[in-house]
Amino acid sequence: MFEKVLIANRGEIAVRVMRACSELGVETVAVYSEADRNAGHVRYADEAYNVGPARAAESYLDGEAIVDAGERAGAEAIHPGYGFLAENADFAARVEESSLTWIGPSSDSMRLLGEKTSARRAMSEAGVPVVPGTTDPVDSAEEIAEFADEHGYPVAIKAEGGGGGRGMKVVSGPEEADDQLESAKREGEAYFDNDSVYLEKYLEAPRHVEVQVIADREGEVRHLGERDCSLQRRHQKVIEEAPSPALADDLREEIRGAAREGVDAAEYENAGTVEFLVEGEEFYFLEVNTRIQVEHTVSEALTGIDLVKEQLRVAAGEPVSFAQEEVSLDGHAMEFRINAENAAAEFAPATGTIGTYDPPGGIGVRVDDALRGGDSVGGEYDSLIAKLIVQGRDRAECIARSRRALAEYEIEGLVTIVPFHRLMLTDEAFRAGEHTTNYLDEELDPERIEEAQERWGPAGSAGDDDADDDEEGETVEREFVVEVNGKRFEVNLEDRSGFAAAAEAGGSGSGGRSRAGRSGGGNEGGQSTSDDDSGDSGGDGTSVSAEGEQVTADMQGTILSVDVAAGDEVSSGDVLCVLEAMKMENDVVASFGGTVAEVAVSEGQSVNMGDVLAVLD
Ligand code: ADP
């Protein structure tokens, strides 16, 4: 086993990996950005190295600085976590060339299985059914029309390098082909440096089922059963569970077997996830994630196997520590992503400073986080700040326990999606396990999300109807505990004097200001930093605010295209650039006519809220 490992990540996953190291007696090395000087993963590590400037995300993408830190620290291996460089085969190859070991599949396997079209080819050859589609790049609307003639609409255009739900566009008829093709290419280029796209039949109401595998150097492959990740928002997972409530046992076995065979044929090593879409009795291979995933904890809950420890063992050349027959998949588990997002405001990312942080506990409850009171969530990183994993003897017990645990979760100072999770646990379709990947986006009534936010979230986070936003003095709800005849009551009082607001600690978030009333001991949400497998945030309909002559970003996001150059004349309403935020493309337009004095951003650049995009004269 290694003596010292560098963790090239941050937030909850960095701490989760360090915990596994600690149990194996392995020393840990953290890397951090300027913004993360005092972050949870830095506090947890045995030693830590600054790898970058204040401008956030880039630090954790600086492969050279990370390898250099590993060598300076005398580490023997690098664990990439998920997100950032975890699926970057070039980085894996760079680590392979250094004195360090890459804790993951080889860079060759990552190229073969991590790229969507080559993975589709490899799986097809291994006899695994794949979603009908092309493996060659597609460049024209005519090719889309030809594909639709054979398979019908809708058609999905997918970026070859896509990930985290980005880079997929759905074409529902021929008139949309040109625009969607251009948009998919643009996203592919901006996010993955690759504008190559291919086509798949778009399944209209599938379930997302994935199989966790781990393989060692000797070619021993084990699976830890499947997870169901059908509850998604804009193709990104929100709640994951195992086993899948939607599969008949024979189909379940078939899918598990297909995953194992596919991975076996590709001579894969280390942990991976084989993803499938399931419609009726049919299942189709979707992609392989060549890394540990956010939701690996669900399989850990069912099996009691520590997947990160297995990753470390396998990378150190040891065999997988358990036989397939020893894997027991009993009971039911769910994972709730605790995102700093306001579900009632289209899941807009929230920022703030955490006041009280009191996560749930008790039987069957696990919390993975890297937080404590006083930490700030600044919106530089992905909005996933913690994970709640709950386990029960069956799905009904798991649901009841999850409701209990979410009600216990106390996070002050930041809006989170805890109220949304509480809603889902009362939702008939979810409780019946009948939801498909489109349920949240297409079927759930948004008003119910607002009601949940109002009921269980901080004041003002349910929308813009709050009376406490009047211009004169602010209204602040304060919570008091009183005793009447020896009986304890929690009461909420409104302070309309305007003084209280200034005294109140706590976060801005997308809405919330202070605390709202709680019913039945419920709480609300918010907390600090961690990371996800993909991207981040931004705002809906990001527009522009002209501060003097500067055009600034209203939301954090990524520049997909720059449509003007210095010296151009623009009129009010002209598009200056396209900003992708929350997986929506937003035209940033000039709010007045003039000359472009400066363009401050370039294609593919990520920007924070308030960053200058362009200057108009
Ligand atoms: P990413 O790499 O961005 O995670 P995936 O290919 O894994 O993208 O797909 C993510 C999600 O997008 C799936 O879980 C599913 O909801 C949706 N999706 C992807 N491909 C299809 C398809 N062909 N038909 C229907 N939904 C799809």
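Both backbone and side-chain heavy atoms feed into the values below; hydrogens, waters and symmetry mates do not. The structure displayed is predicted, hence computed values, not measured ones. All ligand and atom numbering here is 1-based and tracks the order in the structure.
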Heavy atom of the protein closest to atom 24 (N) of ligand 1 (residue, atom name, distance) = Leu203 N, 2.9 Å

Any salt bridge between Asp90 and Arg111, counting N to O under 4.0 Å?
-> yes

closest protein heavy atom to atom 7 (O) of ligand 1 is Glu287 OE2, 2.6 Å

Are any side-chain N or O atoms of Ser230 and backbone N or O atoms of Thr437, one a donor and one an acceptor, separated by less than 3.5 Å?
-> no

For His208, take its heavy atoms, then give the atoms of ligand 1 lying under 4.0 Å from any of them.
-> 13 (C), 14 (O)

Return the residue, atom name and 0.1 Å-rounded distance of the protein heavy atom closest to atom 26 (N) of ligand 1.
-> Tyr202 CE1, 3.5 Å

Is the charged tip of Arg395 near the ring of Phe430: under 6.0 Å from the six-membered ring centre and within 45° of its axis?
-> yes

Of all the atoms in ligand 1, which lie at a distance below 4.0 Å from a heavy atom belonging to Gly162?
-> 2 (O)

Determine whether the side chains of Glu269 and Ser109 contain a donor N or O and an acceptor N or O closer than 3.5 Å.
-> no

Atom 10 (C) of ligand 1: nearest protein contact (heavy atom, Å) = His235 O, 4.0 Å

Could you tell me which atoms of ligand 1, counted from 1 in the order shown, lie closer than 4.0 angstrom to a heavy atom of Leu286?
-> 5 (P), 6 (O), 7 (O), 9 (O), 13 (C), 19 (C), 20 (N)

Looking only at protein heavy atoms, what sits closest to atom 18 (N) of ligand 1 is Met168 CE, 3.6 Å

Proximal candidate to atom 22 (C) of ligand 1 [heavy atom criterion; set Val170, Val131, Leu277] = Leu277

Using only heavy-atom distances, determine whether the side chains of Glu300 and Thr297 contain a donor-acceptor pair under 3.5 Å.
-> no

Atoms of ligand 1, numbered as shown, that sit under 4.0 Å from any heavy atom of Arg166 = 3 (O)

Check: Ala348 main-chain N/O paired with Asn342 side-chain donor or acceptor under 3.5 Å = no

For Asp563 and Ser561, test the side chains for any donor-to-acceptor distance below 3.5 angstrom and give the result as yes or no.
-> yes

Of all protein heavy atoms, the one nearest atom 19 (C) of ligand 1 is Lys158 NZ, 3.3 Å

Heavy atom of the protein closest to atom 3 (O) of ligand 1 (residue, atom name, distance) = Gly165 N, 2.4 Å

Is it true that the side chains of Tyr82 and Asn289 contain a donor and an acceptor less than 3.5 Å apart?
-> no

Taking atom types as modelled, find out whether Ser383 and Glu341 have a side-chain donor-acceptor pair closer than 3.5 angstrom.
-> yes

Just checking, any donor-acceptor pair under 3.5 angstrom between side chains of Glu210 and Thr273?
-> no

Close N or O approach (Ala156, ligand 1; < 3.5 Å) | no

For Gln232, the ligand 1 atoms whose distance to one of its heavy atoms is below 4.0 Å = 11 (C), 13 (C), 14 (O), 15 (C), 16 (O)

Relative to the heavy atoms of Lys201, which atoms of ligand 1 are at a distance of less than 4.0 Å?
-> 22 (C), 23 (N), 24 (N)

Numbered in order shown, the ligand 1 atoms found under 4.0 Å of a heavy atom of Glu275 are 7 (O)

Are Ser244 and Arg252 linked by a side-chain donor-acceptor pair shorter than 3.5 Å?
-> no

Taking only non-hydrogen atoms of Lys116 and a 4.0 Å limit, the atoms of ligand 1 in range are 1 (P), 2 (O), 5 (P), 6 (O), 8 (O)

